[in-house]
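Read through the structure below, which is laid out as structure tokens, and then see the notes.
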Amino acid sequence: MFKKWLLMAVMVLGLSGCGYNTMQQQDEAANGAWSEVLNQYQRRADLIPNLVNTVKGYAKHEEGVFVAVTEARAKVGQMQINADQPLDEAQLAQFQAAQGELSSALSRLLVVSENYPALKADANFRDLQAQLEGTENRIALARNRYIETVRVYNTTVRSFPTNLVAKVTGMSIRPQFKVENEAAIAKPATVNFDDVAPAPAGQ
């Protein structure tokens with residue numbers, strides 16, 4: 001019995017000394033950072049219905065833009081993501097693509113406001129626009145924090161000798177946001193004023 005407890009104690013000390021606890025802590029930090037990313041994206045999604053309804057009140061003819069935003073938001077909402085479960089490479093790419101599509105649709109929605117002075121002057125619209133801009137900044141911050149925590153975790157998992165412990169305990173590297181996709185998402189939407197209907201009289 002004593003030998004059994006001694007063996008277990010040696011195994012525990014061995015795992016602790018080989019970075020097992022460090023990997024667990026860093027994995028949890030990455031989970032927390034990922035949860036914050038999802039939280040900020042959800043905050044943006046929650047703002048969209050009010051923003052769309054406000055714009056509709058002034059720009060009823062922009063049906064194509066409203067449909068694009070609504071469909072992109074629905075696509076994002078259909079993704080079943082558990083904040084406690086890290087995504088694999090394909091899931092993260094799908095998540096990025098859906099969020100990028102929504103970002104593009106939102107950009108087109110905000111461009112619409114340039115053609116409706118009364119909409120730009122609407123206090124509710126200005127408030128929603130400010131909230132959206134603040135949320136975009138929070139998303140960028142949360143993504144950067146997630147990227148850094150995953151970088152630290154992945155470095156530990158891939159380094160010797162902790163990579164041996166990671167292999168034995170089933171710890172694997174986590175996928176990262178792709179830099180090239182971030183650049184594409186941040187790229188301003190192409191604006192074609194030829195397709196924009198003139199503002200209704202009196203607005």
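When a residue number appears, it is its place in the shown sequence, counting from 1.
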Applying side-chain contact (heavy atoms from CB on, under 4.5 Å), run through N53 and F66 and close with a yes or a no. CA-CA 9 Å; N53 286 334; F66 302 138; over 6 Å; no
Scan side-chain atoms only and decide if T135 and R44 contain a donor-acceptor pair under the 3.5 Å cut-off. no
Check this for me: R126, atom CZ, are more than 12 non-hydrogen atoms of other residues, nucleotides or ligands nearer than 6.0 Å? yes
At their closest point, which heavy atom of R174 faces which heavy atom of V150, and how far apart are they? O-CG1, 3.7 Å
To the nearest 0.5 Å, tell me how far L51 CG sits from R73 CZ. 11.5 Å
How close do M79 and Q91 get, heavy atom to heavy atom, and via which atoms? CE-O, 4.2 Å
CA sep, side-chain torsions, deciding dist, call: D46, Q42, side-chain hydrogen bond (donor to acceptor under 3.5 Å, both in side chains): CA-CA 6 Å; D46 291 343; Q42 183 60 51; 2.8 Å; yes
Would you give the length of the straight line joining atom CD of Q99 to atom CG of L106, rounded to the nearest 0.5 angstrom? 10.0 Å
Over all heavy atoms of both residues, which pair between P175 and Y146 is shortest? Give the atoms and the distance, please. O-OH, 3.5 Å
Could you state the interatomic distance from CG (L132) to CZ (R43), rounded to the nearest 0.5 Å? 10.0 Å
Heavy-atom pair with the smallest gap, counting every atom of V157 and A166: CG1-CB, 3.9 Å
What distance do N163 atom CG and S172 atom OG have between them, rounded to the nearest 0.5 Å? 13.0 Å
Is it true that Y41 and R138 share a donor-acceptor pair across their side chains at a distance under 3.5 Å? no
Counting only heavy atoms from other residues, nucleotides and ligands, does the tally under 6.0 Å from CD of Q129 exceed 12? yes
Considering only heavy atoms from C-beta outward, does the side chain of Q26 approach that of T22 to under 4.5 Å? yes
Which class fits the ring pair F95 and F177: parallel under 30°, tilted 30 to 60°, perpendicular over 60°? tilted
Among side-chain atoms of E36 and Q40, is any donor-acceptor pair under 3.5 angstrom? yes
Using a 4.5 Å cut-off on heavy atoms from C-beta on, say whether the side chain of L92 contacts that of W34. yes
Which heavy atom of V69 sits nearest a heavy atom of V52, and at what distance? CG1-CG2, 3.8 Å
Checking K178 against E89 for the salt bridge (Lys or Arg N to Asp or Glu O under 4.0 Å) test, could you report, in this order, the C-alpha distance in whole Å, the side-chain angles of both residues, the deciding distance, and whether it holds? CA-CA 10 Å; K178 300 293 185 186; E89 195 88 29; 2.8 Å; yes
Under 4.5 Å between any side-chain heavy atoms of S159 and T156, yes or no? no
In this structure, OG1 of T54 is separated from CG of D122 (nearest 0.5 Å) by 6.5 Å
Looking only at side chains, do R145 and T149 share a donor and an acceptor under 3.5 Å apart? no
In the structure I gave you, are the side-chain heavy atoms of N50 and N124 within less than 4.5 Å of one another anywhere? no
Could you see if V67 belongs to whatever hydrophobic cluster contains V55? Use Ile, Leu, Val, Met, Phe, Trp, Tyr and a side-chain cutoff under 4.5 Å. no
Show the nearest heavy-atom pair for residues M171 and D27, with the distance to one decimal. CE-CB, 4.0 Å
For Y153 and E148, does a side-chain donor sit closer than 3.5 Å to a side-chain acceptor? no
E133 and N137 side chains, donor-acceptor separation under 3.5 Å: no
Are any non-hydrogen side-chain atoms of I139 and R143 less than 4.5 angstrom apart? yes
Transitive ILVMFWY cluster of L164 at side-chain heavy atoms under 4.5 Å: who else is in it? F160
Pair Q131, D127: side-chain N/O donor-acceptor within cut-off below 3.5 Å: yes
Cation-pi check, K120 onto F125 ring (under 6.0 Å, within 45° of axis): no
